[in-house]
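Structure record follows, encoded as structure tokens.
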Amino acid sequence: MISLNINNKTYSLEADADTPLLWVLRDIVGLVGTKYGCGVAQCGACVVHLNGEAVRSCVTKVSRAIGQKVVTIEGLSEKNDHPLQKAWLELDVAQCGYCQAGQIMAAAVLLKENKQPTDADIDIAMAGNICRCGTYLRIREAIHLAADIQQKSKKR
Amino acid sequence: MAKRYYWPKKAIFLITTLLIFMVIVMSAFDREVPYTKDDQTHDSIASVTAFTQVYKVLMSPRCMNCHPSGDVPLQGDDSHLHTMLPRRGKDGKGLYAMKCTNCHQPENTPGVRTPPGNANWHLPPADMKMVFQGKTAHELARQLVDPKRNGRKNMAQLIAHADDDLVLAGWNPGEGRTLPPISHAEFKKAWLTWIRNGAFAPAP
Amino acid sequence: MTHQKTPMNRRSFLKSSTLAGGGLMISFTWLSAFKYDDKLNESDLPQWNELNGYIKITSDNLIKIINPNPEFGQNVMTSFPMIVAEELDVDWEKIVVEMGPHDSVKLGPQFTGGSNSVRMYWKPLRQAGATARRMLMQAAAQTWSVPVEEVTTEAGMLYHKKSGKSGTYGQFASTASGIPVPKEIKLKDPKEFKIVRNSKKNVEGAKIVSGQPLFGLDYKHEGMLIAMIEHPPAFGMKLKSFDASQSLKMPGIKNVFRLELYPEGFEQGGFDTRTFNDLLVVLGNTTWEVMQARKKLVVTWEPKGDTVDTMGSRNGKKAVNVPGRLESTSAQLSEMKQYADKPAQQLRKDGDPETAFKNAAQIIERTYNAPFLAHNCLEPMNFFAHVTEEKALLVGPLQAPGWTEPTLSKILNLPAEKIEIQMTRMGGGFGRRAYGHYLVEAALISRQAKAPVKLVYSREDDMTYGIYRPMYTATYRAALDADKNLLALHIRGGGIPENAIHPNRFPAGAIDNYLAEGWQIPSNITIGAFRAPRSNFNAAAEQSFLDELAEAMGKDPIELRLELLKRAKENPVGKNNEYDADRYAGVLKLVKEKSGWNSPTDKKYKRGVAAYFCHNSYVAHVADMVERDGQPYVERVFSAVDCGIVVNPDAATNMVQGAVIDGIGNALYGELTHKEGAAVQKNFSQYRIIRFHEAPKKIEVHFVQNDIDPTGLGEPPFPPVFGAVANALYKSTGKRFYDQPFITKLNELSKS
């Protein structure tokens with residue numbers, strides 16, 4: 001039996017300790033917002049937060065997550081109102097949408113550590129996430145917008 | 001050894017050459033290096049010879065790729081810039097969503113060209129970059145014994161570094177990657193020979 | 001106002017009994033709404049009054065619009081309902097949208113591909129909205145006993161101004177659903193559009209950013225098992241024998257068995273392409289367990305030898321020989337080179353090109369090459385199937401249910417009405433998901449396993465078991481006279497296993513002496529549609545050649561194209577020229593203006609231009625390139641697009657921007673090679689996809705404003721990017737690059 005803290009909920013489940021967190025989330029826990037794209041940490045579709053870091057769940061064994069804090073796209077915000085989620089909707093970033101959960105989860109770590117990222121900062125943070133539809137421009141715009149939203153909500 | 005060079009002419013010639021060589025080496029050596037002299041006998045030839053082996057290892061992709069001249073690690077047997085361009089960051093552990101251990105797990109990920117692993121995967125920090133890429137043997141040898149440039153390691157720490165977990169990871173690189181040119185045991189032997197004989201730097 | 005016949009028959013307007021996907025779906029809903037998420041729960045109530053296949057209204061005025069076409073990011077889940085809502089006259093923010101199941105009677109061709117969605121559905125959807133509105137008006141007129149001509153509508157409400165009567169659509173929906181469909185209907189004049197041409201946000205946006213189940217891989221069904229396929233390691237190989245004893249001992253593994261996809265002599269349709277016919281299936285509880293068990297399989301493969309496929313066509317069955325050899329890229333390239341030097345099948349000839357070349361003062365000849373490309377949809381191929389002896393339920397990502405259903409019906413020996421296909425949102429398509437072999441695989445696995453099954457491809461499966469963009473080559477020759485006038489053009493194109501030549505497209509029609517020829521080399525490597533098939537190569541070769549030609553003729557590259565188009569317009573050569581020279585010239589002029597072509601403000605950019613026509617639309621790009629650390633980057637792009645009426649401008653802009661980025665990525669980096677029949681690139685560590693920092697910082701998209709019915713958009717902006725990149729790269733490096741991906745040659749040069 002493995003006990004995991006995912007999105008502030010405790011899950012007890014049976015899984016081999018070597019199983020990647022991605023497949024535990026998708027096939028066992030039933031949280032499918034975290035996507036499978038490559039399985040080898042190349043595309044970023046599977047990014048989740050492990051103790052606040054944007055780990056790639058496709059190569060992260062579930063054993064690494066035991067006793068740690070896991071946050072998936074489903075738990076990024078309570079009402080889907082994280083500044084990034086708002087900005088993504090405002091700018092209608094998605095095309096097919098498959099990579100976007102991973103993009104948002106990666107961008108969330110950027111915004112947490114850098115409140116007003118420059119274009120160069122965004123390049124550094126986001127170069128690991130592939131968008132096959134090519135929505136990179138809007139992702140960039142949305143991160144800037146989210147930074148503004150974050151800033152404004154702080155001032156209030 | 002001594003027997004073979006019994007003939008005076010040859011011996012004189014050799015000793016002279018050796019002295020000249022040593023003078024060059026010593027003059028190039030940073031005298032501030034606080035290595036412990038204790039009762040070691042220093043054989044600069046043995047030291048420099050051993051370093052040739054050490055240098056080959058350090059310049060192999062398995063070591064050099066994480067000691068790049070820029071702030072982006074290198075990747076692959078051809079030491080190209082790591083795709084996705086992850087950055088060193090202040091502590092050498094990456095930046096934002098691109099921290100080393102987000103992909104590099106405590107162990108190698110199975111498969112060809114998948115992220116190799118180590119719990120402590122990182123680059124040298126920004127204030128002590130310990131660059132290997134582009135360095136001559138002379139430059140690298142001097143750098144390695146200079147605590148200002150070697151991660152503040154004294155000789156004992158430098159010796160211990162041969163068995164560092166991340167150094168060892170070079171010999172367990174994951175599928176599809178070439179190993180360093182010699183075994184870890186051979187490397188360690190060369191490393192110790194180099195240091196214990198005075199950590200001499202090859203001529204520039 | 002335009003009067004329209006309504007081609008839908010009564011059957012397509014019948015009230016439906018069941019529509020839902022069936023089965024037990026865990027938190028998987030086909031409904032979406034831009035706003036009013038709370039309405040989604042209400043929609044579970046079954047009191048829908050169906051006005052036609054696309055429109056359902058509850059008595060409390062909840063309006064549901066059914067989207068017929070599979071969604072793969074082209075945004076039809078939003079743009080289609082916009083078209084319906086426009087004519088129906090409802091408040092956009094109050095509707096809910098539902099993805100329709102496969103039902104060609106009610107919902108039409110349901111084909112996502114060929115940039116066809118809006119083109120095909122523009123009129124049917126408008127008619128659906130307009131006829132439903134008319135039926136609601138008639139219902140109100142009957143109830144109020146007033147002439148229907150005096151009833152007006154606004155945003156889901158009906159009014160009789162004279163009497164002051166009013167009511168919601170919902171109040172009259174039940175009555176309206178019993179009224180015969182009008183035989184003729186007036187559609188709005190484009191000038192009256194209130195929803196169409198105004199940007200609306202993706203109705204599935206909220207689900208996407210919160211990670212709700214949407215995609216095929218997300219679909220779950222009670223008792224569902226996971227299946228994966230072990231396929232031959234190389235094209236030209238087949239399964240000889242296997243030992244699954246170790247795999248079967250692995251945790252969670254249910255079964256391992258051999259699967260034959262199509263029976264011997266099966267008559268294939270054009271989209272029944274399948275890569276391997278003889279497969280090994282591993283079945284288990286979870287994806288990871290199945291992946292692990294695959295590693296324990298002991299399989300022996302053997303050369304397949306030459307085989308024969310049976311293809312169906314209008315003229316009956318046709319046998320197609322498939323060579324058995326194991327192909328390698330280097331050998332393919334040298335074979336293509338040999339073919340390129342021989343005369344080939346004539347596809348079009350105008351004037352006397354032979355004499356023109358004989359008399360030429362100067363001949364410019366260039367050969368262009370492009371590799372196989374893998375679609376690499378970010379969501380790998382997958383499909384859910386639950387097949388019993390009586391019926392089949394299939395759920396997943398698919399572009400062309402109408403083409404796959406007949407195949408399923410034949411192979412499963414089930415009548416079409418017993419096969420239910422539900423399309424999930426697709427994590428990309430690019431043409432790949434028009435080939436439904438993976439549904440057939442899933443269905444056969446489910447039937448053999450006697451269980452609901454989800455078939456999942458790993459990334460490696462997806463990349464090595466592809467239906468690729470073919471490998472192409474083309475030689476362009478131009479004859480110039482002593483005054484640098486263009487006398488003749490000769491194009492000879494070939495490829496594995498098809499050539500890309502569109503003989504009747506520009507610059508055909510603009511040149512007196514013209515010859516187009518084509519050849520092909522058969523292959524066992526499977527190929528299929530890839531975003532703007534053939535055009536995606538032609539635009540690279542032709543537009544790069546025109547640039548070089550302009551330079552040789554001492555002309556500005558845009559001016560040369562405009563001159564040729566002027567000729568094609570005023571005095572066209574030949575009768576069968578597929579393009580409209582005015583619209584073609586229009587996008588070139590627009591991009592020239594918007595990019596400041598004649599007076600570039602920032603000299604750091606090296607510019608390349610290209611234009612192309614396909615899928616009835618016209619696109620021109622100016623790509624501005626910079627060099628950083630010895631690598632070329634397209635940093636800024638200006639795009640001019642003529643695709644007629646743009647339904648959802650912001651989403652259309654997004655799609656053009658995406659096509660530009662996709663084009664840059666494939667032109668510079670995209671390549672799939674083969675060694676001894678096996679795909680060399682197996683994952684994104686080897687197959688380079690354009691990344692964030694490699695994409696332009698700015699892509700300015702300008703649409704030509706006109707009232708022409710919408711033409712294609714998903715594909716047309718893609719091909720000319722290749723040409724614009726090639727031309728910018730020439731300006732940036734001083735060297736012409738003829739072989740894609742350009743980065744390979746560039747890096748070879750910089751090393752030497």
Side-chain angles (χ1 to χ4, degrees), chain A residues 15-16 18-20 22-24 26-28 30-40 42-43 45 72-74 76-77 80 82 84-86 88-101 104 119 122-140, chain C residues 26-27 71-75 199 201-202 204-215 217-218 220 226 251 285-288 291 376-380 425-430 458-460 650-651 654-655 657-662 665 683-685 689-693 695-699:
Chain A
D16 186 274
D18 283 351
T19 310
L22 169 71
W23 296 113
V24 171
R26 290 188 58 86
D27 283 359
I28 302 174
L31 290 171
V32 295
T34 306
K35 298 297 190 235
Y36 167 69
C38 70
V40 291
Q42 292 290 319
C43 76
T72 70
I73 184 71
E74 291 93 338
L76 180 65
S77 61
N80 301 327
H82 186 284
L84 286 162
Q85 289 168 315
K86 284 186 187 168
W88 245 250
L89 289 177
E90 178 60 33
L91 296 174
D92 224 4
V93 171
Q95 285 186 40
C96 87
Y98 193 76
C99 73
Q100 301 296 351
I104 291 172
D119 275 355
I122 296 173
D123 278 342
I124 291 170
M126 304 306 291
N129 286 68
I130 288 173
C131 172
R132 184 64 187 81
C133 300
T135 62
Y136 298 129
L137 264 86
R138 286 184 186 224
I139 292 173
R140 182 190 301 284
Chain C
I26 302 163
S27 65
E71 171 66 84
F72 69 174
Q74 84 278 42
N75 211 23
S199 297
K201 298 219 162 82
N202 188 339
E204 292 192 312
K207 284 184 176 181
I208 290 168
V209 302
S210 57
Q212 291 175 53
L214 272 176
F215 300 93
L217 270 185
D218 303 343
K220 285 199 166 118
I226 300 289
N285 288 333
T286 66
T287 318
W288 182 248
M291 284 177 167
N376 286 326
C377 307
L378 204 53
E379 179 194 19
R425 191 175 182 88
M426 287 175 262
F430 310 103
S458 69
R459 171 57 53 200
E460 289 81 4
D650 184 57
N654 195 352
M655 193 151 65
Q657 291 169 331
V660 167
I661 291 172
D662 191 8
N683 208 317
F684 298 132
S685 49
I689 305 276
I690 188 167
R691 290 183 179 274
F692 199 94
H693 60 288
K697 301 264 190 291
K698 184 176 156 190
I699 301 172

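The chains referred to below are lettered A, B, ... by the order of the sequence lines, with proteins before strands, and numbering in each begins at 1.
Heavy atoms closer than 4.5 Å to chain A are found in both the backbone and the side chain of Ser458(C). Of the atoms belonging to Ile122(A), heavy atoms from both backbone and side chain fall under 4.5 Å from chain C.
In terms of heavy-atom pairs under 4.5 Å with chain A, the best-connected choice from Gly428(C), Gly205(C), Ser685(C), Pro251(C) is Ser685(C). Chain A forms the most heavy-atom pairs under 4.5 Å with one residue out of Lys698(C), Lys697(C), Met291(C), Glu71(C), and that residue is Lys697(C). With respect to chain C, the highest number of heavy-atom pairs below 4.5 Å among Asp92(A), Asn129(A), Asp119(A), Ile104(A) belongs to Asp92(A). Comparing Ile28(A), Thr135(A), Val32(A) by heavy-atom pairs within less than 4.5 Å of chain C, the highest count is held by Val32(A). Ranked by non-hydrogen atom pairs under 4.5 Å with chain A, the options Thr286(C), Ile689(C), Thr287(C) are led by Thr287(C). Options Phe72(C), Phe684(C), Phe215(C) differ in how many heavy-atom pairs under 4.5 Å they form with chain A, and the most are formed by Phe215(C).
Between Arg691(C) and Asp123(A) no salt bridge is recorded (no basic side-chain N to carboxylate O distance below 4.0 Å).
For the pair Tyr36(A) (side chain) and Arg459(C) (backbone), a donor-acceptor distance under 3.5 Å is present.
No hydrogens or angles considered: a donor-acceptor pair under 3.5 Å links the side chains of Arg138(A) and Gln657(C). Between the side chains of Gln95(A) and Asn75(C), no donor N or O sits under 3.5 Å from an acceptor N or O.
Cation-pi contact between Arg140(A) and Phe692(C): absent, since separation from the ring centre below 6.0 Å together with deviation from the ring axis within 45° is not met.
Separation of atoms CD1 (Ile73(A)) and CD1 (Ile208(C)) is listed at 11.0 Å; rounding is to 0.5 Å.
Of all non-hydrogen atoms in Asn683(C) and Cys38(A), the two that sit nearest each other are ND2-O, 3.0 Å.
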